[in-house]
Amino acid sequence: MANKIKVATTSLAGCFGCHMSFLDLDERLIALAEVAEFDRSPITDIEHCGPCDIGLIEGGVCNSENVHVLREFRKNCKILVAVGACAINGGLPAMRNHISLEDCLLEAYRDGIGVENAQIPNDPELPLLLDKVHPIHEVVKVDYYLPGCPPSADVFWAFLTALLEGREPSYPYELVHYD
Ligand code: SF4
């Protein structure tokens with residue numbers, strides 16, 4: 001089919017649970033594949049996000065690579081969507097915002113139970129952690145938010161079918177939850 005819409009997805013400081021929920025569309029994925037094709041996504045082998053209609057972002061922003069990827073998505077996606085609690089407000093990973101980054105690193109790599117050869121990883125290939133975990137709207141403009149941890153497959157479906165049919169997305173009250 002010629003004019004399939006292009007969808008890109010990524011997980012920043014996420015747990016992949018939102019992607020798993022997306023895959024819970026089950027047989028509806030086949031219907032979706034008729035009208036949409038996937039650009040960069042954990043379910044494709046495409047390394048960089050090209051021009052897309054919709055970008056689905058799971059996870060908040062916790063390190064320098066997250067910022068880079070998020071900006072690439074914003075640049076290339078007409079519609080950018082914060083998917084799930086982490087992308088919307090930082091989610092559970094933002095609990096580390098109450099502790100200094102240094103204390104987090106020391107606990108994980110020096111002082112934690114069972115740590116051997118204690119050293120904080122410092123290979124230049126590793127992305128630097130940000131002091132705090134941020135929701136994605138603090139870094140780029142966001143067009144839509146899909147609440148939930150994770151949003152249910154029915155939320156994804158209601159959202160995507162509305163966009164595909166040219167309607168403004170809305171969800172019945174039962175589908176709106178934040179847990
Ligand atoms: S919102 Fe929940 S399911 Fe989605 S990435 Fe965050 S922790 Fe995982």
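Source: prediction; values computed, not measured. Excluded from the calculations below are hydrogen atoms, water molecules and symmetry mates; all remaining heavy atoms, backbone and side chain alike, are included. In listed order, ligands and their atoms are each counted from 1.
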Closer than 2.8 Å to atom 2 (Fe) of ligand 1, which protein N, O or S atoms?
Cys149 SG
Distance-only donor-acceptor check, side chains His19 and Thr9, under 3.5 Å:
yes
Any chance you could lay out the side chain to side chain contact (heavy atoms under 4.5 Å, CB included) test for Leu101 and Leu129, step after step, and finish with the verdict?
CA-CA 8 Å; Leu101 179 58; Leu129 288 171; 3.8 Å; yes
With Ile120 via side chain to side chain contact (heavy atoms under 4.5 Å, CB included) - residues at least two apart
Leu105, Leu106, Tyr109
After noting the C-alpha distance and the side-chain angles of Asp45 and Arg40, does the key distance pass the salt bridge (charged side-chain N to carboxylate O under 4.0 Å, His left out) rule?
CA-CA 7 Å; Asp45 206 15; Arg40 174 180 169 160; over 6 Å; no
Residues two or more places apart in sequence or in another chain: which of them pass salt bridge (charged side-chain N to carboxylate O under 4.0 Å, His left out) with Asp53?
Lys78
Could you list the donor-acceptor pairs under 3.5 angstrom formed between side-chain atoms of residues 139-148 and any protein atom two or more places apart in sequence or on another chain?
unit_1, atom_1, unit_2, atom_2, d
Lys141, NZ, Asp143, OD1, 2.9
Asp143, OD2, Arg74, NH1, 3.1
Asp143, OD2, Arg74, NH2, 3.2
Asp143, OD2, Leu80, N, 2.7
Tyr144, OH, Glu168, OE1, 3.3
Tyr144, OH, Glu168, OE2, 2.9

